[in-house]
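To keep things clear, I will list the structure first and then write my remarks on it.
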Amino acid sequence: AVFALIPYLAVQIFARPIFTWFVDASNTKLIDLGVYSMRRFLLLLPIGCGSILVSQYFQSIGRAPVALFLAMTRQLAFQVPLLLILPQVFGYDGVLFSGPAGDALAFFVACFLMQRELKRLHKCEVEECRAAHGGMTPVEWIDKLGLLTPKTILAHAVHLTDADIERIRERGAVIAHMPNSNRKLC
């Protein structure tokens with residue numbers, strides 16, 4: 001995010017000097033139009049980078065179809081159609097805002113897919129624990145290790161069995177619920 005934010009701020013703050021590197025400084029109309037256009041087209045660059053990062057995450061875990069879907073969604077599914085539609089309504093500004101609008105829509109799709117991935121990962125933790133420890137749940141495993149005591153504070157504890165809940169109560173351990181985080185894990 002920092003790598004996207006620094007160039008973004010540089011372009012937004014220093015748009016005029018940057019643009020004058022490429023055109024004659026005496027052509028003020030062109031410079032004004034260029035600065036106006038550059039600032040608007042790159043308006044949501046940081047969140048556009050967020051969808052790219054999510055796409056790279058899926059690529060790195062071997063889920064290339066999801067990564068390809070995210071990469072193509074940004075330009076083909078959103079920016080190109082918006083580039084055809086928005087100018088009909090907003091004229092030149094429609095052309096400029098097709099990029100940021102496409103970035104925003106792609107970002108929402110990326111957030112949705114990442115939220116599903118986080119839920120999948122959390123459920124995998126329980127399955128992996130059961131596979132590695134003879135069918136025991138994480139609560140059963142930490143109890144077997146002698147770590148489930150009245151001094152134990154469990155974080156989240158979203159995917160518990162009825163037996164896990166009873167075991168936690170019997171041992172006097174407590175759960176620290178984080179409603180915003182837990183909402184994303186369920």
Side-chain angles (χ1 to χ4, degrees), residues 1-22 31-129 138 154-159 175-186:
V2 173
F3 293 112
L5 196 56
I6 291 170
Y8 168 77
L9 290 174
V11 166
Q12 294 299 329
I13 295 168
F14 303 110
R16 184 167 298 281
I18 291 171
F19 200 77
T20 57
W21 290 344
F22 303 100
I31 292 170
D32 290 343
L33 179 64
V35 168
Y36 176 85
S37 301
M38 188 166 48
R39 284 184 173 149
R40 276 142 189 87
F41 189 76
L42 298 175
L43 185 65
L44 297 179
L45 178 68
I47 70 165
C49 292
S51 62
I52 293 169
L53 287 173
V54 171
S55 176
Q56 290 173 344
Y57 164 79
F58 282 109
Q59 175 110 19
S60 73
I61 64 168
R63 296 185 57 200
V66 177
L68 181 62
F69 170 76
L70 279 172
M72 295 184 71
T73 298
R74 185 169 171 253
Q75 277 117 3
L76 294 178
F78 296 129
Q79 286 181 344
V80 170
L82 288 170
L83 188 57
L84 297 172
I85 296 167
L86 292 181
Q88 302 298 318
V89 179
F90 300 106
Y92 181 67
D93 284 338
V95 172
L96 298 178
F97 285 111
S98 64
D103 284 342
L105 292 170
F107 180 74
F108 291 127
V109 170
C111 287
F112 171 76
L113 291 174
M114 196 64 203
Q115 182 179 14
R116 284 185 42 206
E117 174 66 6
L118 291 172
K119 287 179 186 178
R120 185 192 70 78
L121 285 174
H122 187 69
K123 288 179 183 175
C124 286
E125 287 177 4
V126 174
E127 292 168 9
E128 288 174 7
C129 182
L154 302 167
H156 301 290
V158 175
H159 299 286
I175 299 170
H177 287 287
M178 294 135 197
N180 276 342
S181 296
N182 290 356
R183 181 176 47 86
K184 294 174 186 172
L185 295 173
C186 293

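Any value given below was found using the heavy atoms of this structure, including those in side chains, with hydrogens, waters and symmetry copies removed.
Rounded to the nearest 0.5 angstrom, F97 CZ and L86 CG are separated by 10.0 Å. S98 OG to L83 CG: the interatomic distance, rounded to the nearest 0.5 Å, is 4.5 Å. To the nearest 0.5 Å, the span separating CD on Q59 from CG on L70 amounts to 11.0 Å. The CZ atom of F19 lies 7.0 Å from the CG atom of L33; values are rounded to the nearest 0.5 Å. Atom-to-atom distance recorded for R120:CZ and E127:CD is 9.0 Å, nearest 0.5 angstrom.
Put simply, the side chain of L68 does not reach to within 4.5 Å of the side chain of F58, judged on heavy atoms. Two residues are said to be in side-chain contact when any heavy atoms from C-beta on lie closer than 4.5 Å; V95 and F41 fail this criterion. Side-chain contact check for F107 versus L44: every heavy-atom pair is 4.5 Å or farther apart.
Of the possible polar contacts, one joining the Q79 side chain to the G99 backbone as a donor-acceptor pair under 3.5 Å is found.
Under the rule for a side chain to side chain contact (heavy atoms under 4.5 Å, CB included), the partners of L96 that lie at least two apart in sequence or sit in another chain are Y36, S37, R40, Y92, D93.
Between V11 and M38, the shortest heavy-atom contact is CG1-CG, 3.8 Å.
R116 CZ: 12 or fewer foreign heavy atoms inside a 6.0 Å radius.
Applying the salt bridge (Lys or Arg N to Asp or Glu O under 4.0 Å) definition to pairs two or more places apart or across chains, those involving residues 68-80 are R74-D103.
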* Could you go step by step and tell me if F14 and L9 meet the side-chain contact (heavy atoms from CB on, under 4.5 Å) rule? -> CA-CA 8 Å; F14 303 110; L9 290 174; over 6 Å; no

Would you tabulate the side-chain donor-acceptor contacts of residues 47-57 under 3.5 Å, counting partners in other chains and residues two or more places apart, or write 'none'?
unit_1 : atom_1 : unit_2 : atom_2 : d
S51    : OG     : G48    : O      : 2.8
S55    : OG     : A67    : O      : 2.9
Y57    : OH     : E117   : OE2    : 3.0

